[in-house]
Amino acid sequence: MNLTLYCNSFAGKEPKHTQANQKTLMCGSYYLEDSVKQKCIENDIILDNTFDNISHLNHILGDLTGLYWIWKNTNEEFLGVNQYCRFYDDNQLNSLFPLDKNTVYVFDFLKFNYNVWEQYVLSHGELGLKLLLKAVKLHTVSLTEPMIDTLFHTNKLSPCNTFFAHKSLFDKTCQILFDIIFELYRGSKYLLEFIQFGIHTGRDPNDKRLLAFLAERILNIIYYNSKYFLGNINIVPVKYYTL
């Protein structure tokens with residue numbers, strides 16, 4: 001099997017399953033005690049504060065620090081991400097081989113009784129959406145209002161920052177995502193002053209992690225508009241389950 005999946009995990013939240021050629025990646029290692037880091041090393045768990053990394057932003061970006069580490073420090077032909085308690089359905093996964101170099105494979109889409117915009121507001125508040133829309137209107141990110149509408153007016157969302165693909169497509173997807181995320185992080189200083197305050201003070205947990213929540217939606221905007229970002233590829237839903 002020529003697919004390597006990196007399982008994004010956290011301290012006290014180890015992988016509950018193994019699939020494909022799976023490697024465990026500890027997100028937020030920057031904040032771990034040295035004794036915990038040493039135990040991870042002894043158990044062949046990769047620390048995300050090694051090599052090219054943004055582990056120090058884990059309190060803001062969540063498991064995106066793991067995705068960034070994979071993007072910058074790995075070279076497998078096909079690779080991707082699952083999570084410590086969320087995995088691709090094994091039967092569905094095995095049926096995909098041989099993998100297509102021109103396909104991004106994502107978690108199956110959840111369906112809501114309301115649109116994705118309403119779902120975001122109900123779950124995370126409006127602050128992140130205000131930041132994203134402001135950046136779009138200022139043309140500081142590679143998204144347009146019609147692109148955003150293709151996602152937020154639907155009721156389907158591929159959850160979690162999880163996908164796998166050929167290395168070239170994986171890298172391209174990450175490049176698009178992190179270009180936007182980093183611009184939103186930098187731009188929050190001049191777009192909406194109170195957003196930057198919310199991120200760094202953590203006065204509301206949803207504010208502090210709004211970039212992590214937005215990343216899920218940004219990835220879906222990329223999926224929905226793949227012809228603009230990734231060429232003529234097929235986004236293939238892959239079933240997942242939670243243990």
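Numbering of residues begins at 1 and proceeds along the displayed sequence. Any value given below was found using the heavy atoms of this structure, including those in side chains, with hydrogens, waters and symmetry copies removed.
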Co-membership, hydrophobic cluster, residues [X] and [Y], 4.5 Å side-chain:
X	Y	value
Val136	Phe229	yes
Ile60	Leu32	no
Leu230	Phe107	yes
Ile180	Leu214	yes
Ile45	Leu25	no

* Asked: side-chain contact (heavy atoms from CB on, under 4.5 Å) between Leu151 and Leu157: does it pass, once the steps are laid out?
  -> CA-CA 8 Å; Leu151 170 66; Leu157 178 78; 4.2 Å; yes

More than 12 heavy atoms of other groups within 6.0 Å of [X] [atom1]:
X	atom1	value
Lys101	NZ	no
Lys167	NZ	yes
Tyr30	OH	no
Tyr228	OH	no
Glu42	CD	yes

I'd like to know if the side chain of [X] reaches the main chain of [Y], judged simply by a donor and an acceptor atom lying under 3.5 Å from each other, with no hydrogens or angles considered.
X	Y	result
Asn155	Phe112	yes
Ser29	Asp48	yes
Gln22	His17	yes
Arg86	Asn82	no
Tyr120	Gly125	no
Tyr84	Thr24	no

* Measure up the Phe164 and Tyr88 rings against each other and bin them: parallel (under 30°), tilted (30 to 60°), perpendicular (over 60°). =>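 Correct class here is perpendicular.
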
* Thr65 vs Asn53, side-chain contact (heavy atoms from CB on, under 4.5 Å): CA-CA, chis, key distance, verdict -> CA-CA 7 Å; Thr65 63; Asn53 74 89; over 6 Å; no

* Pairwise distance NE2(His166) to CG(Asp171) - rounded to 0.5 angstrom ->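 Between His166 NE2 and Asp171 CG, I get 10.0 Å after rounding to 0.5 Å.
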
* Asked: How many angstroms lie between atom OG1 of Thr154 and atom NZ of Lys111, to the nearest 0.5 angstrom?
  ->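 Answer rounded to 0.5 Å: 11.0 Å.
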
* **Donor + acceptor pair across side chains of Asp179, Gln175 (<3.5 Å)** =>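 Their side chains do contain a donor-acceptor pair, which is all the 3.5 Å distance test asks for.
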
* Please tell me if the side chains of Leu67 and Cys174 come closer than 4.5 Å, counting only heavy atoms from C-beta onward. =>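 Yes, their side chains come closer than 4.5 Å.
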
* To do: Check whether any side-chain heavy atom of Tyr224 sits under 4.5 Å from a side-chain heavy atom of Lys156, and report yes or no.
  =>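 Yes, at least one pair of side-chain atoms sits under 4.5 Å.
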
* Asked: Picking from Thr74, Thr50, Asp52, what satisfies side-chain hydrogen bond (donor to acceptor under 3.5 Å, both in side chains) with Trp69?
  ->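 Only match with Trp69 under side-chain hydrogen bond (donor to acceptor under 3.5 Å, both in side chains): Thr50.
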
* To do: Sort out for me which residue in Asn58, Thr162, Asn161 forms a side-chain hydrogen bond (donor to acceptor under 3.5 Å, both in side chains) with Asp63.
  =>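 For Asp63, the side-chain hydrogen bond (donor to acceptor under 3.5 Å, both in side chains) check succeeds only for Asn161.
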
Which heavy atom of [X] sits nearest a heavy atom of [Y], and at what distance?
X	Y	answer
Leu169	Ala165	CB-CB, 3.9 Å
Tyr31	Ser55	CE1-O, 3.8 Å
Ala212	Leu64	CA-CD1, 4.3 Å
Met26	Cys40	CE-SG, 3.9 Å

* Determine, step by step, whether Lys37 and Asn49 satisfy the side-chain contact (heavy atoms from CB on, under 4.5 Å) criterion, reporting the C-alpha distance in whole Å, the side-chain angles of both residues, the deciding distance to 0.1 Å, and the verdict. => CA-CA 10 Å; Lys37 292 179 184 178; Asn49 69 325; 3.4 Å; yes

* **Option among Phe178, Tyr6, Phe51 that satisfies the ring-ring contact (aromatic ring centres under 6.0 Å, His included) test with Tyr68** =>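 One option only clears the test, and that one is Phe178.
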
* To do: Apply ring-ring contact (aromatic ring centres under 6.0 Å, His included) to Phe170 and list each qualifying residue two or more places apart in sequence or on a separate chain.
  =>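 Testing Phe170 for ring-ring contact (aromatic ring centres under 6.0 Å, His included), a comparison that skips the adjacent residues, returns Phe163.
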
